[in-house]
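Below, chains carry the letters A, B, ... as their sequence lines are ordered, and counting in each starts from 1. Predicted, not measured: the structure shown is a model, and the values here were computed from it.
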Amino acid sequence: MTTAPKLPKGTRDFPPEVMLKRNYIIDTIKTVFKKYGFLPLETPALENLSVLMGKYGEEGDRLLFKILNSGDFLKNVNEKDFGNSTKITPLISEKGLRYDLTVPFARFVAANRHQISFPFKRYQIQPVWRADRPQKGRYREFYQCDADVVGTKSLICEVEIIQTIREVFSLLKIDDYTIKINHREIIRGISEFAGQKGKETELAVAIDKIDKIGWQGVADELTSRGFSNENIENIKSIISIEGELSEKLQKLGSLLENNSGKKGVEEMSKMLQLLDYAGENLSNLEFDISLARGLSYYTGAIFEVKINGVQIGSVSGGGRYDNLTGVFGVEDVPGVGFSFGIDRLFDCMEELNLFPTKNPENTKALLVHFDEPSFNYGLKLLSEIRKSNISAEIYPDFSKLKKQIQYADKKGISYVVFIGSDEINTGEFTVKNLVDGSEQKLNKANLIEFLKE
RNA sequence: GUGGUUGUAGUUCAGUUGGUUAGAACGCCUGAUUGUGGUUCAGGAGGUCGCGGGUUCGAGUCCCGUCUCCCACCCCA
């Protein structure tokens, strides 16, 4: 092997056969987003570090990719400070790669708040970068696919998120999945109920791991975070509530008498009511009291979607936040957002074999020829086929028929059209279906109609 | 960021206590009545064994470093 050039750690190429499938997912999602009134937005890969730093916690700052200043980037650095990276980093790097799409979006909203008319609905599908250590399904460059509505507190936004998820999954033919929902105020209420008012963040972080480490693990973590045995028993009594969605909600409502708990239960009930008005049922919906989601900026409803029967984390998630742009000094911009994990969706669909065998983006027909006269004759036919909006190509070299057909076969092209002296003389073209092997003769007009299908 | 694991043809992997020209399968190329692919058959090409150093008469095999991949934690999509 000649020294093959390598990719940076945690990055990938997407070859055509992968891109066709990725585009299938992305196009499906875009179609649904548009249908629900979301408009596209893109922001730069680079942001000023002042925008990025401090927004993701200490951990996040460590995972930011920082970009070295151009030119004589050491001119401001004192020689004594060499070796002290915390001191010289701000002097040599002012820009970084975006870490997620939410902060750039918040920056955009804060900067353009006078031009934007609220409520503002946008979607954004772009790569983000994190200097994390890669693992399976964890990359240093990956795509996020976010949709947010800002400038309204209406719960119809939450309901529309559920509808959007259902519609996307239905189009992708994914039917065995669970949309878990919960509410941050409910977690807050539980914290208060447990006797640890105000420690909902600690509670949320611990409780979120229940799927992974089990109840005992959560209990241990709560202990280490300062919860007493009595507190933990109280939490357990809430977490272990069983039943149907509305039944659970009712039981919870009767237990949580504090303001937060009541508010959470009330909003959840309202959402279900709106869902019903919209003509939607409760299928695939699950009220998961242990669902917390790590991001601390959520304040209202929270969502997470898992595909059943596939060993992979959530493929979609989101929630409501009160104050998107607060970090940029612009208050009172509430909103709700969610995102699809495209890479994970891809893996799930691959595993469940849900990709369509025929990809509409692929070439539909290949023209094969025997000699120069038939090649030349074929060029005109090719143009006419393409004019009818059918993707087609002609084999560019004078190769054996076998080779030409093999090319079509490998590329997954469904039809081969033969151009030879017979065809030129009669005007009847032999077209072969490579999927089932059938052949038929058609004149030009019929051939084009046939390929249009 | 912490701890661990892996690395041999395009791909998935064999390779015995270190011992001559490093193997298989699939894939690829060529051919089997030069107007027909996916099946079959016959040939063929392709590896300085991740990279760098060390031990040894001799290293794919042992040691050190480095990179990569993967796993757990942290965190997260």
- prompt: What is the distance from CG of A/Asp422 to C1' of B/G35, rounded to the nearest Å?
  reply: 8 Å
query: For atom C1', what is the distance between B/G54 and B/G1, given to the nearest Å?
result: 31 Å
- request: Can you tell me, in whole Å, how much space there is between the C1' of B/U20 and that of B/G58?
  value: 11 Å
- prompt: OP1 or OP2 of B/A72 sitting under 4.0 Å from any side-chain N/O of A/Gln135?
  reply: yes
- prompt: For RNA chain B, what dot-bracket results from Watson-Crick or G-U pairs at under 3.5 Å, with [ ] for crossers and | for inter-strand partners?
  reply: ((((..(..((((.....[...)))).(((((.......))))).....(((((..]....))))))..))))....
- request: Indicate, yes or no, whether a donor-acceptor pair under 3.5 Å links the base of B/G37 to the side chain of A/Lys432.
  value: yes
- prompt: How close or far is atom P of B/G38 from atom OH of A/Tyr415, stated in whole angstroms?
  reply: 20 Å
task: Identify whether a stacking contact exists between A/Phe142 and B/A77, where the ring centres must be under 5.5 Å apart and the planes under 30° apart.
output: yes
field: For A/Tyr321, the option from A/Thr299, A/Thr102, A/Asp148 that meets side chain to side chain donor-acceptor pair (under 3.5 Å)
entry: A/Asp148
query: Should the pair A/Arg122 and A/Phe108 be classed as cation-pi, given the thresholds of under 6.0 Å to the six-membered ring centre and 45° from the axis?
result: no
- request: Report the nucleotide, chosen from B/G35, B/A77, B/G37, that has the shortest atom-to-atom distance to any side-chain atom of A/Ser421.
  value: B/G35
- request: Evaluate the ring planes of A/Phe120 and A/Phe105, with Trp represented by its six-membered ring, and classify them as parallel (under 30°), tilted (30 to 60°) or perpendicular (over 60°).
  value: parallel
message: I need the CZ-P distance between A/Arg140 and B/C75, as an integer number of Å.
response: 18 Å
- prompt: Which of these nucleotides, B/G37, B/C74, B/G35, is closest to any side-chain atom of A/Glu423?
  reply: B/G35
query: B/C75, B/A77, B/G35: which one has an atom nearest the side-chain heavy atoms of A/Glu59?
result: B/C75
- prompt: Whole Å only: how far is the NZ atom of A/Lys411 from the C1' atom of B/G38?
  reply: 18 Å
field: Between B/C70 (P) and A/Arg133 (CZ): distance, integer Å
entry: 12 Å
message: Measure NZ/A/Lys410 against P/B/U39 and give the value in whole Å, please.
response: 11 Å
task: Answer yes if the ring centres of A/Phe33 and A/Phe38 are under 6.0 angstrom apart, and no otherwise.
output: yes
query: NA contact type, A/Gly437, heavy-atom cut-off 4.0 Å: base, sugar-phosphate, or nothing?
result: base
message: Of the options B/C76, B/G35, B/A32, whose atoms approach the side-chain atoms of A/Lys402 most closely?
response: B/A32
- request: May I have the distance from A/Lys9 (atom NZ) to B/C70 (atom P), rounded to whole angstrom?
  value: 10 Å
query: What distance, rounded to whole Å, do you find between the two P atoms, one in B/A72 and one in B/G47?
result: 36 Å
field: Interatomic distance at P, B/G44 relative to B/A24, whole Å
entry: 12 Å
query: If you check the A/Ile405 side chain, which of B/C76, B/G37, B/G35 turns out closest?
result: B/G37
- line: Between A/Lys400 and A/Tyr99, the residue closer to the 5' end of RNA chain B by nearest nucleotide is A/Lys400
P spacing across the pair B/U66 / B/U5, given as an integer number of angstrom: 15 Å
- prompt: How many angstroms lie between atom OH of A/Tyr377 and atom CG of A/Leu382, to the nearest 0.5 angstrom?
  reply: 13.0 Å
message: Nearest to the A/Lys209 side chain among B/C28, B/G35, B/C75, which nucleotide is it?
response: B/C75
message: Tell me whether the side-chain N or O atoms of A/Glu439 pair up with the base of B/U36 as donor and acceptor below 3.5 Å, since no angle test is needed here.
response: yes
Gap between atoms CG and P, on A/Asp132 and B/A72 respectively (whole Å): 13 Å
message: Taking B/G23 as the reference, what is the distance to B/G31 when you measure between their P atoms (whole Å, please)?
response: 28 Å
Inter-nucleotide C1' distance (B/A9, B/C70), Å rounded: 22 Å
message: Is it the case that the ring center of A/Phe338 lies less than 6.0 angstrom away from the ring center of A/Phe303?
response: no
field: Between B/G50 and B/A59 - P atom distance, rounded Å
entry: 15 Å
